[in-house]
Every structure is written in C-alpha cells, then in structure tokens.
Colleague: 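Pasting a structure below so you can have a look.
Values in this document were obtained by computation on a predicted structure and should not be read as measured data.
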Amino acid sequence: MLLHNQISIALRTPLIPIKPTLKHHSKNTAVFAQQRNAPPPATNFSISDESLSSRGFTIHRTIDNLDVDHLNTVFVAVGFPRRDTGKIRLALEHTDALLWVEYEKTKRPVAFARATGDGVFNSIIWDVVVDPSFQGIGLGKAVMERLITALLQKGITNIVLYSEPRVLGFYRPMGFVADPDGIRGMVYSRKQKKKK
C-alpha cells in the first residue's frame with residue numbers, strides 16, 4: 001500500500017537517518033500508490049508527544065536503548081514469525097528511519113515502525129506493530145503519522161507499505177490506497193515449481 005493523497009501531520013523532532021536495506025514478509029501484501037505534491041507539514045498529530053508522555057509513553061527515533069528481544073516478542077504476538085535477534089539488529093542498523101514507543105513502566109517497546117529506501121525518491125514502510133496489550137489507544141497511528149511526516153520532510157514522495165490484508169483499513173485514513181493508476185507489484189520468490 002502506498003501513500004496517496006495529501007496528508008497534514010507534523011514531526012516535532014526529525015528522525016535520525018540510518019543506512020538503507022530491504023526486507024520482505026511472505027505473508028504481507030504490497031499495494032502501491034504515489035504521493036503527489038507532498039504538502040508542507042502541519043503542526044499537530046492525532047496524539048501529541050505531550051499527551052503520549054502524560055500517559056507514560058516515550059517516543060524514540062533511534063535504536064539506542066531498544067530491547068530487540070522484546071521487540072521480537074511483539075512481532076510474534078502480532079503474527080510475525082520469530083526472527084533471529086542478530087538479524088533484527090542488522091536490519092535496524094540498515095534502516096533509513098524508525099520510530100518506536102516505549103512504555104515507561106516496563107521500559108519495553110510497545111509500538112514500532114521503520115522505513116527503508118533510497119533516501120531521495122522512494123521509501124518502504126516495514127514492521128508496523130503494536131503490542132496487543134496496547135492496541136486501540138492510538139499508538140499505531142501515532143507511530144505512522146510521525147514516520148510518514150519524516151519521510152515527506154525528506155522530500156520522499158513515493159511511499160510504499162507492506163501490510164497484512166486484514167489491517168489495510170487502518171492505513172487508508174492516513175492516505176494509503178491500493179493499486180492507484182494500475183500499478184502492480186511483484187515479489188521475488190525462491191519457491192520452485194513442482195514438475196508434473
């Protein structure tokens with residue numbers, strides 16, 4: 001799913017760029033769109049940083065202090081396969097932009113998203129997760145608004161999102177659409193065809 005239409009959300013502090021990489025989840029669906037004439041950022045989010053802080057949450061934009069083992073637990077809790085934590089760390093080190101939310105009481109990540117790409121024209125959003133115990137209170141939207149804004153502020157206008165089909169409706173209000181302009185994506189697969 002790609003960003004399509006104009007959005008107006010602001011980033012109060014910029015994301016720290018890291019190095020680009022790509023990763024694929026075989027169960028995910030890729031749908032494509034393109035942001036046309038990226039709007040200037042606005043000044044507010046659906047949930048402000050101050051509101052998140054007053055509710056016991058801290059926003060982080062680097063991998064510093066990120067408990068990768070617990071992040072992996074959150075991945076599994078939302079249906080992702082368990083991953084090698086060393087590979088997760090490597091992927092995060094090669095990520096252009098990321099954002100995660102820490103619950104202060106436990107010092108653990110409860111929401112996360114990251115983006116990779118060329119740093120100029122294209123970006124792909126990956127691994128958008130919210131711990132099931134914290135779903136429904138706006139953390140996923142808070143993470144996505146800030147990540148999208150950071151990408152738009154870099155001038156990146158072609159933003160792709162890989163998502164489980166069952167949660168596509170979550171992304172549509174943020175400006176994502178499926179297959180605009182007849183664009184179709186393909187994914188490389190190493191599965192061999194069975195011989196008859």
Colleague: When Ile, Leu, Val, Met, Phe, Trp and Tyr are grouped by side-chain heavy atoms lying under 4.5 Å apart, directly or through other members, which residues fall in the same group as V120?
Modeller: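 Noted: V120 shares its cluster with F121.
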Colleague: What pairs with F75 under side-chain contact (heavy atoms from CB on, under 4.5 Å), at least two apart in sequence or on another chain?
Modeller: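 In terms of side-chain contact (heavy atoms from CB on, under 4.5 Å), with neighbours along the sequence ignored, F75 is linked to L71, N72, F80, R83, I88, F112, D127, V129.
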Colleague: Is V167 linked to V128 within one hydrophobic cluster, defined over Ile, Leu, Val, Met, Phe, Trp and Tyr using a side-chain heavy-atom separation of less than 4.5 Å?
Modeller: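 Linked within one cluster.
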Colleague: Would you say I47 and K141 make side-chain contact, with heavy atoms under 4.5 Å?
Modeller: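 In short, these two side chains do not touch, never coming nearer than 4.5 Å.
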Colleague: To the nearest 0.5 Å, what is the distance between CG on L161 and CD1 on I159?
Modeller: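 Separation between the atoms: 10.0 Å.
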Colleague: Any idea which heavy atoms bring D96 and T116 closest together, and the distance?
Modeller: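 Looking at all heavy atoms of both residues, the shortest contact is OD2-C, 3.2 Å.
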Colleague: Enter the distance from I63:CD1 to R89:CZ here, rounded to the nearest 0.5 Å.
Modeller: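 One gets 9.0 Å once the value is rounded to the nearest 0.5 Å.
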Colleague: If every non-hydrogen atom of S48 is compared with every non-hydrogen atom of R146, which pair is closest and at what distance?
Modeller: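 Closest approach of S48 to R146, heavy atoms only: C-NH2, 3.5 Å.
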Colleague: Looking at every heavy atom in both M144 and I125, which two are closest together, and how far apart are they?
Modeller: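 For M144 and I125, the tightest heavy-atom pair comes out as CE-CD1, 3.8 Å.
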Colleague: Show the nearest heavy-atom pair for residues L98 and W100, with the distance to one decimal.
Modeller: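 Nearest heavy atoms, L98 then W100: CD1-CD1, 3.6 Å.
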Colleague: Could you tell me which residues satisfy side-chain contact (heavy atoms from CB on, under 4.5 Å) with D131, sequence neighbours excluded, listed by chain and number?
Modeller: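 Listed in chain order: H70, V74, V110, S133, F134.
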Colleague: Work out which heavy atom in A113 is nearest to a heavy atom in L147; give both atom names and the distance.
Modeller: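 Where A113 meets L147 most closely, the heavy atoms are CB-CD2, 3.7 Å.
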Colleague: Pairs of donor and acceptor atoms involving the side chains of residues 52-59, under 3.5 Å and at least two apart or interchain, shall be tabulated with distances.
Modeller:
residue, atom, partner, partner atom, Å
S54, OG, S51, O, 2.8
R55, NH2, I137, O, 3.0
T58, OG1, E104, OE2, 2.2

Colleague: Nearest 0.5 Å, please: how far is CG in L66 from CG in D64?
Modeller: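 That separation rounds to 9.5 Å.
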Colleague: If every non-hydrogen atom of S123 is compared with every non-hydrogen atom of L151, which pair is closest and at what distance?
Modeller: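 Nearest heavy atoms, S123 then L151: OG-CD2, 3.5 Å.
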Colleague: Which value, rounded to the nearest 0.5 Å, describes the distance between D118 atom CG and I124 atom CD1?
Modeller: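 These two atoms lie 9.5 Å from each other.
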Colleague: With rounding to the nearest 0.5 Å, note down the distance linking CG in N65 to NE2 in H60.
Modeller: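 Between N65 CG and H60 NE2, I get 6.5 Å after rounding to 0.5 Å.
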Colleague: Keeping D67 on the side-chain end and R108 on the backbone end, is there a donor-acceptor pair under 3.5 Å?
Modeller: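 It does not hold such a pair.
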Colleague: Measure the spacing between CG of L92 and NZ of K87 and express it to the nearest 0.5 Å.
Modeller: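 It is 14.0 Å, given to the nearest 0.5 Å.
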